[in-house]
Amino acid sequence: MSSFNISVDANHQNGKAKNAADSSFTVEDIDDFDFSKLLEKPRPLNIDRLRSLDERSLTELAGSPQLRNADINAPRVHDHADYVISPSVGGRRSGFNTPRSLPGFESHPMVGEAWDALRRSMVYFRGQPVGTIAAVDNSEEKLNYDQVFVRDFVPSALAFLMNGEPDIVKNFILKTLRLQSWEKKIDRFQLGEGVMPASFKVFHDPVRNHETLIADFGESAIGRVAPVDSGFWWIILLRAYTKSTGDSSLADMPECQKGIRLILSLCLSEGFDTFPTLLCADGCSMIDRRMGVYGYPIEIQALFFMALRCALLLLKHDGEGKEMVEQIVKRLHALSYHMRSYFWLDSKQLNDIYRYKTEEYSHTAVNKFNVIPDSLPEWVFDFMPPHGGFFIGNVSPARMDFRWFALGNCIAILSSLATPEQSTAIMDLIESRWEELVGEMPLKVCYPAIESHEWRIVTGCDPKNTRWSYHNGGSWPVLLWLLTAACIKTGRPQIARRAIEVAEARLHKDHWPEYYDGKVGRYVGKQSRKNQTWSIAGYLVAKMMLEDPSHVGMVSLEEDKQMKPVMRRCNSWTC
Ligand code: GLC
């Protein structure tokens with residue numbers, strides 16, 4: 001019998017008491033282990049490796065029929081084996097602890113290089129690490145890539161958490177919380193109290209030898225749009241931090257509780273809405289330029305859903321907290337129903353829409369949003385595989401945006417917005433449309449590109465978003481971590497392994513580009529930054545999750561059985 005030798009790093013005393021109970025797995029325990037518990041519990045940090053796994057390679061594990069056909073709710077023994085190994089802290093690089101790969105899990109030489117690059121991107125404020133710069137690329141005009149972006153920091157934060165370095169994440173959470181309390185104005189208009197910044201930078205005043213933070217809430221961004229995703233990522237990250245360290249004292253701070261409430265108050269306030277989805281302007285998330293993602297884009301809806309579920313776990317059920325919890329529960333029910341019913345597309349649903357009647361008034365309408373079948377694009381009939389499906393880009397009156405968006409679909413899987421069946425169908429689609437979505441560099445931010453007249457109308461002739469470039473069908477390596485997490489959650493790590501291999505062939509050689517262009521992602525993007533931090537961190541997170549799938553628990557939520565799956569559309573107003 002080999003037993004796990006678990007050591008809690010001295011830096012992580014906070015989580016020690018909670019983790020102590022988990023700290024003695026044995027190989028024998030694995031067979032009867034409840035997988036879902038591992039996803040939900042704070043995981044012990046810096047677990048020394050399980051020597052008995054030396055004999056069995058991960059490729060072999062992934063190739064096993066058990067893992068390939070794993071039921072997402074009942075992963076097999078091998079999943080458990082995957083779950084209980086964690087990177088040991090090995091040789092020191094650049095003066096920091098950088099994980100060496102486990103014997104049996106041969107590390108790619110790129111891993112060390114990536115850690116070095118990630119360390120170089122760290123930003124310090126008054127001596128403390130507070131984030132990572134978007135790109136360390138001096139060859140191009142900086143634009144705003146010299147800032148710490150909230151969304152870009154997420155994969156960096158996960159990499160640090162997975163490596164047992166939570167301090168930078170805690171500092172980031174607290175600093176951005178302070179920024180939230182700033183008075184935010186664009187011209188003479190004041191933004192909502194809860195808005196989180198898109199990015200910030202450290203300004204050094206050489207005269208006073210003093211450092212201050214400068215934040216951008218959208219007032220300096222192209223198009224002057226506030227980042228709706230930042231607040232959601234902030235809540236998701238706070239939950240990841242709490243889960244990873246077992247330290248709930250940060251989330252329990254009255255300031256953090258208030259921060260969560262302020263973010264969600266912006267989204268839960270009553271108005272003219274007839275849908276539970278969140279109405280927003282174009283360019284308010286990762287795709288931060290005009291790309292026809294206004295209205296109810298899937299990325300925002302999936303992040304909203306995930307943030308609401310994370311907030312439920314983080315909010316104290318006292319006074320103000322309790323009131324908000326009640327609002328959240330109601331919204332989650334309505335939102336999951338709406339998304340699962342109206343955003344979901346598979347071949348049956350596609351056929352139903354194709355045969356829709358229009359101009360239906362009253363509660364008995366089948367075509368509730370009055371979508372005109374003629375607006376169905378040609379490509380979607382070829383793209384849709386017989387087994388598979390996905391959440392489409394947008395649903396609003398008389399408008400369905402059928403484009404595939406990677407981030408929203410992966411977050412839908414991780415947050416369990418997608419039912420287990422829908423999650424499986426999304427993975428089936430990725431496998432069937434590998435050439436289109438992964439091709440020569442994972443992963444297409446959206447598919448397909450818009451071109452010609454449509455490009456003129458939808459993007460306003462944006463020269464950065466020409467067809468198959470940047471946000472318009474470009475391939476973004478950062479998305480690898482989301483794909484990997486979704487693959488592991490659905491019990492299909494072999495898909496992630498294939499995608500990582502594709503990325504490894506080029507990423508480092510090409511100096512970690514921000515994005516790739518072309519139908520299959522063959523070319524380094526037209527205006528792509530090099531040494532783009534989230535490309536680097538995304539790769540590291542993907543690698544670490546494959547080596548120790550228990551890391552996925554930081555960004556994954558199990559299905560809430562109370563949110564009844566809706567697979568068929570309901571035609572009557574009574575249901
Ligand atoms: C680009 C991307 C945006 C990212 C920023 C910094 O503007 O569109 O998603 O946050 O660069 O990397």
Side-chain angles (χ1 to χ4, degrees), residues 117-118 120-123 131-158 172 176 196-201 214-234 236-237 280-294 297-300 302-303 405-408 410-411 443-446 449 459 462-466 469-482 511-517 524-539:
L118 183 61
R120 282 195 293 272
S121 74
M122 284 165 78
V123 171
T132 50
I133 195 172
V136 185
D137 182 351
N138 298 320
S139 62
E140 303 256 354
E141 196 193 340
K142 278 197 175 55
L143 303 173
N144 55 355
Y145 287 85
D146 59 347
Q147 311 213 0
V148 179
F149 278 75
V150 171
R151 72 176 74 85
D152 293 43
F153 182 64
V154 172
S156 300
L158 296 175
F172 170 89
T176 42
M196 278 284 181
S199 61
F200 66 86
K201 70 195 257 185
I214 305 176
D216 173 26
F217 295 88
E219 72 272 29
S220 313
I222 301 261
R224 305 290 178 266
V225 184
V228 178
D229 63 339
S230 285
F232 298 150
W233 280 122
W234 187 87
I236 293 165
L237 191 56
C280 38
D282 217 339
C284 68
S285 59
M286 176 186 176
I287 296 182
D288 54 1
R289 298 169 77 90
R290 186 173 157 196
M291 267 293 293
V293 287
Y294 61 91
I298 178 66
E299 171 168 346
I300 290 297
L303 285 171
F405 289 84
L407 198 154
C410 290
I411 292 286
L443 183 68
K444 281 267 172 269
V445 65
C446 67
T459 73
D462 187 347
K464 208 168 170 184
N465 275 333
T466 48
S469 181
Y470 199 42
H471 301 138
N472 188 7
S475 304
W476 291 65
V478 59
L479 298 169
L480 200 53
W481 81 263
L482 280 157
H511 307 286
W512 309 100
E514 179 188 15
Y515 65 95
Y516 285 76
D517 284 358
V524 173
K526 230 185 328 193
Q527 294 188 41
S528 173
R529 304 286 120 171
K530 299 285 179 74
N531 293 311
Q532 178 80 18
T533 304
W534 69 359
S535 301
I536 297 162
Y539 168 71

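Atoms within a ligand are numbered from 1 in the order they appear, just like the ligands themselves. Nothing fancy with the numbering, it's 1 onward along the sequence.
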Legend entry - Salt bridge Arg290-Asp462, side-chain N to carboxylate O under 4.0 Å: no

Inset, instruction - Sort out for me which residue in Leu237, Thr533, Leu158 forms a side chain to side chain contact (heavy atoms under 4.5 Å, CB included) with Phe153. - result: Leu237

Legend entry - Aromatic ring pairing Tyr515/Trp476, orientation class (parallel under 30°, perpendicular over 60°, tilted between): parallel

Inset, instruction - Could you tell me whether Ile222 atom CD1 has more than 12 heavy atoms of other residues or ligands within 6.0 Å of it? - result: no

Inset, instruction - For ligand 1, would you mind listing the residues that have at least one heavy atom less than 4.0 Å away, ordered by chain and number? - result: Ala134, Tyr145, Phe149, Arg151, Asp152, Met286, Asp288, Tyr470, His471, Glu514, Gln532, Trp534

Inset, instruction - For Asp229 and Ser285, indicate whether the former's side chain and the latter's backbone hold a donor-acceptor pair under 3.5 Å. - result: no

Inset, instruction - Say whether, by atom type as modelled, one donor and one acceptor occur between the side chain of Asp517 and the main chain of Lys526 under 3.5 angstrom. - result: yes

